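Structure record follows, encoded as structure tokens.
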Amino acid sequence: MTEQTTEAPVLDLLKSMTAESLAASSLDVETLALVRIAALAAVDAPAVSYLLNLEAAREVGIDAEQVRGVLAAIAPIVGTARVASATGKIVADLDAQSEE
């Protein structure tokens, strides 16, 4: 069995996977951030996934209007239930950010 070298091995794994994904993509960082948000909505991801990805999106200049645009664009494909679920999770993240 390998010895753990960190207090957050799962988070480290996710960071590593994300870094590999970024390196393999030919998309610019803004487009990549928006695509990731669309993918989260498509799979009805948990709120923590939005928290991490919206933070990264904000860091590259993505604003709430762009996120709304992505959700509107994918609604006919993923369905209103998934978009409503995503919207609720995003609003919760935005509320948490405003309280900080």
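Since the model is a prediction, treat every value here as computed from it, not as a measurement. Only this structure's heavy atoms are used, side chains among them; waters, hydrogens and symmetry mates stay out.
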* To do: Give the cluster check for V29 versus L54: same hydrophobic cluster or not, with ILVMFWY residues linked at side-chain heavy-atom distances below 4.5 Å.
  => yes

* To do: Would you kindly confirm whether V78 and V67 end up in one hydrophobic cluster when ILVMFWY residues are joined by side chain heavy atoms under 4.5 Å apart?
  => yes

* Check: K89 side chain, S49 main-chain N or O, donor-acceptor pair, under 3.5 Å -> no

* To do: Please list all pairs passing the salt bridge (Lys or Arg N to Asp or Glu O under 4.0 Å) test where one or both residues lie in residues 65-83, with sequence neighbours left out.
  => E65-R68

* Structure fact -> Here the pair of heavy atoms bringing D44 nearest to S85 is OD1-OG, 2.6 Å

* Asked: With sequence neighbours left out, what residues match P76 under side-chain contact (heavy atoms from CB on, under 4.5 Å)?
  -> none

* **Co-members of the apolar cluster containing L52 [side chain, <4.5 Å]** => none

* Contact check, side chains of L13 and M17, non-hydrogen atoms, under 4.5 Å -> yes

* Asked: Can you tell if the side chain of L71 reaches within under 4.5 Å of the side chain of I90, non-hydrogen atoms only?
  -> yes

* **Sequence-distant partners of V91, side-chain contact (heavy atoms from CB on, under 4.5 Å), two or more places apart** => T87, D95

Output a table of donor-acceptor pairs, distance under 3.5 Å, between side-chain atoms of residues 33-43 and any protein atom two or more places apart or on a different chain; print 'none' if there are none.
unit_1	atom_1	unit_2	atom_2	d
R36	NE	N53	OD1	2.9
R36	NH2	N53	OD1	3.4

* Structure fact -> Residue pairs meeting side chain to side chain donor-acceptor pair (under 3.5 Å), one or both in residues 17-29, sequence neighbours left out, come to D28-T31

* Heavy-atom closest contact (A86 atom, Y50 atom, distance) -> CB-OH, 3.1 Å

